Engineer: 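Could you have a look at this structure, given as structure tokens, before my questions?
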Amino acid sequence: MTFTRRKFFTFSGSVAALSLFSQAEAMPVEPPTKYDGDFDIVIVGGGGAGLSAACAASELVFCNFN
């Protein structure tokens, strides 16, 4: 079996990822019991349309100096 550079980088990357993710723990977070915010814009989703809507909204809010 030959050990190529590609196999080396694949193996070393997977070992590094396993060492990082094996030590991760989730912190317990209590969900809010009441949602009573007042918002001008609500964007649901982070796909192509949601991200472009967020960019357009941020330009309108932060770049409108009139």
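Bear in mind the structure is a predicted one, so any value in this text is a computation, not a measurement. Basis for what follows: all heavy atoms, side chains included, without hydrogens, waters or symmetry-related copies.
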Engineer: Heavy atoms only: give me the nearest Ser58-Cys55 pair and the separation to one decimal.
Structural biologist: OG-O, 2.8 Å

Engineer: Remaining members of Val42's ILVMFWY cluster at a side-chain heavy-atom cut-off under 4.5 Å?
Structural biologist: Phe39, Val44

Engineer: Between Ala53 and Ile43, what is the shortest heavy-atom contact and its length?
Structural biologist: C-CD1, 3.7 Å

